[in-house]
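The model shown is predicted, which means the values in this text are computed figures rather than measured ones. Sequence positions, counted from 1, serve as the residue numbers for this chain. As a basis for the values below, the full set of heavy atoms in this structure was taken, side chains included, without hydrogen atoms, waters or symmetry mates.
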Amino acid sequence: MKKILITGGAGFIGSHVVRRFVNNYPDYSIFNLDALTYAGNLENITDIQDKSNYQFIKGDIVDADFITKLFQEHQFDGVVHLAAESHVDRSITDPLSFVKTNVIGTMNLLNAAKEIWKGQFEGKRFYHISTDEVYGTLGATGLFTETTPYDPNSPYSASKASSDHFVRAYGETYGLPYVITNCSNNYGPNHFPEKLIPLSINNILQNKPLPVYGDGKYTRDWLFVLDHAIAIDLVFHQGKNHETYNIGGFNEWQNIDLVRLLCRKMDEKLGRAEGTSEQLITFVKDRPGHDLRYAIDANKIHTELGWKPTVTFEEGLSKTIDWYLENKAWLENVTSGNYQKYYEQQYQ
């Protein structure tokens with residue numbers, strides 16, 4: 001029986017990965033480690049909490065002693081590392097928190113894995129999930145490949161780039177068996193409403209302004225979160241050691257076009273007159289160091305592992321809206337008064 005530690009498994013992407021591993025691999029023991037900070041929510045995984053092959057552990061990867069003891073107690077065979085501070089806006093106001101979690105936290109996991117495995121790496125794997133933002137920004141043309149030089153422009157992307165480098169260094173120096181994936185923007189159910197799509201859905205429901213940075217022409221490559229979970233499953237089981245795989249949707253949208261599409265779909269689903277929600281769009285002051293465009297070349301993971309997105313953007317967006325409309329209690333639970341203050345501070 002394999003023992004797999006998944007960090008950040010109560011968060012947005014992590015909860016979908018945990019669910020997939022628990023349901024698809026009943027002969028594995030899945031341990032979900034999460035600090036349950038603002039974006040970690042056990043309501044994301046209530047459907048699997050009683051499964052016999054699942055165990056939740058509350059803890060912080062920044063606590064080195066705790067992590068070491070956890071590895072000593074459970075003798076994990078694999079790590080799927082998703083736990084991270086991930087919101088660029090928050091990294092601008094509090095960069096040190098991102099260094100602690102994304103860099104020091106990753107180092108603690110690497111050190112624990114190295115110590116417990118003691119060079120006996122057969123059947124072991126350290127899988128580090130990263131972001132396309134480590135590559136910096138693209139012009140009007142071109143795509144990020146696995147060999148694109150790193151050029152991070154925000155404290156968030158700098159912290160993730162640093163953690164990527166440490167994972168590779170442990171592979172080269174100690175022989176640690178690792179894989180890394182760099183993924184484009186995710187969207188879908190359970191997304192904490194500070195990011196663009198869930199923020200817009202929630203604000204439309206509340207008839208609040210839809211904040212759009214600058215001129216709205218910043219471009220992102222969007223991927224449905226369930227397709228990302230499938231890719232993570234494939235890379236964990238079939239990816240080659242010491243390799244990086246880029247995961248993307250071949251699905252570029254300018255922010256303003258995405259928000260307008262979302263408005264049209266929301267008006268349709270809510271029975272509002274067409275154009276009602278678009279009136280909420282409010283252009284706000286741009287954020288510092290805002291990257292113009294991200295776009296992923298996902299041909300390597302397609303060619304080597306046979307992965308490609310299964311859901312079109314319009315299908316995925318419709319599924320996402322339906323989920324939020326059907327789970328308003330979840331949305332209300334995470335949009336607390338404190339979070340409203342954050343809205344006001346960030347998008348004033």
Assess whether side-chain hydrogen bond (donor to acceptor under 3.5 Å, both in side chains) is satisfied between Ser154 and Ser157, documenting all intermediate values. CA-CA 5 Å; Ser154 72; Ser157 56; 3.0 Å; yes
Tyr25 and His237: aromatic ring centres closer than 6.0 Å? yes
To the nearest 0.5 Å, what is the distance between CD1 (Ile247) and CD1 (Ile296)? 8.5 Å
Taking the six-membered ring for Trp, are Tyr28 and Phe21 parallel (under 30°), tilted (30 to 60°) or perpendicular (over 60°)? tilted
Calculate, to the nearest 0.5 Å, the distance between atoms OG1 and CG belonging to Thr276 and Asp267 respectively. 5.0 Å
Output, in order, the C-alpha distance, side-chain angles, deciding distance and verdict of side-chain hydrogen bond (donor to acceptor under 3.5 Å, both in side chains) for Asn251 and Asp221. CA-CA 5 Å; Asn251 178 45; Asp221 176 15; 5.2 Å; no
Counting neighbours of NZ on Lys240 that are heavy atoms of other residues, nucleotides or ligands and sit closer than 6.0 Å, is the number greater than 12? no
Step through it carefully: locate the ring centre of Tyr245, locate the ring centre of His228, and say whether they are under 6.0 Å apart. no
Do any N or O atoms from the side chain of Asn41 and from the backbone of Val334 form a donor-acceptor pair under 3.5 angstrom? no
I'd like to know if the side chain of Asn44 reaches the main chain of Ala10, judged simply by a donor and an acceptor atom lying under 3.5 Å from each other, with no hydrogens or angles considered. yes
Hey, can you pull the donor-acceptor pairs under 3.5 Å for the side chains in residues 67-74, sequence neighbours left out?
from: Thr68; atom 1: OG1; to: Ala64; atom 2: O; distance (Å): 3.0

Quick one: pull up CG in Asp77 and CD1 in Ile116 and give me the separation to the nearest 0.5 Å. 12.0 Å
Specify whether His290 and Tyr213 have parallel, tilted or perpendicular ring planes, treating 30° as the upper limit for parallel and 60° as the lower limit for perpendicular. perpendicular
Lys300 and Glu243 ion-paired at < 4.0 Å: yes
So among Phe12, Trp330, Tyr38, which one has a ring-ring contact (aromatic ring centres under 6.0 Å, His included) with Phe192? Tyr38
On a heavy-atom basis, the closest approach of Leu210 and Cys263 is CD1-SG, 3.5 Å
Would you please indicate yes or no on a ring centroid separation below 6.0 angstrom for Phe126 and Tyr178? no
Under 6.0 Å from the CD atom of Glu274, do we count more than 12 heavy atoms belonging to anything else shown? no
Under 6.0 Å from the NZ atom of Lys124, do we count more than 12 heavy atoms belonging to anything else shown? yes
Grab the two heavy atoms, one from Asp164 and one from Ile180, that are nearest each other, plus how far apart they are. O-CD1, 3.8 Å
Distance (rounded to the nearest 0.5 Å) between Asn246 CG and Ser130 OG: 9.5 Å
Exercise: identify the closest heavy-atom pair between Val103 and Ser162: CG1-OG, 3.6 Å
Check against side-chain contact (heavy atoms from CB on, under 4.5 Å), Lys195 and Ser86: CA-CA 10 Å; Lys195 304 294 180 72; Ser86 65; 3.5 Å; yes
Residue pair Arg90, Glu194: steps toward the salt bridge (Lys or Arg N to Asp or Glu O under 4.0 Å) verdict: CA-CA 10 Å; Arg90 290 181 183 269; Glu194 65 182 354; 2.7 Å; yes
From CG (Leu143) to OH (Tyr294), nearest 0.5 Å: 15.0 Å
Is the number of heavy atoms from other residues, nucleotides or ligands under 6.0 Å of Gln55 CD greater than 12? yes
Under 3.5 Å donor-acceptor pairs involving side-chain atoms of residues 45-52, not counting sequence neighbours:
from: Asp47; atom 1: OD1; to: Arg19; atom 2: NE; distance (Å): 3.4
from: Asp47; atom 1: OD1; to: Arg19; atom 2: NH2; distance (Å): 3.1
from: Asp47; atom 1: OD2; to: Arg19; atom 2: NE; distance (Å): 2.8

Under the 3.5 angstrom rule, does the side chain of Asn53 hit a backbone N or O of Val22 as a donor-acceptor pair? yes
When you measure from the side chain of Thr282 to the backbone of Leu280, do you find a donor-acceptor pair of N or O atoms at a distance under 3.5 Å? yes
Once salt bridge (charged side-chain N to carboxylate O under 4.0 Å, His left out) is applied, do any residues pair with Arg293, and if so which ones, sequence neighbours excluded? Glu252
In this structure, OG1 of Thr93 is separated from CZ of Arg287 (nearest 0.5 Å) by 11.5 Å
Side-chain ion pair, Lys2 and Asp27, N-O less than 4.0 Å: no
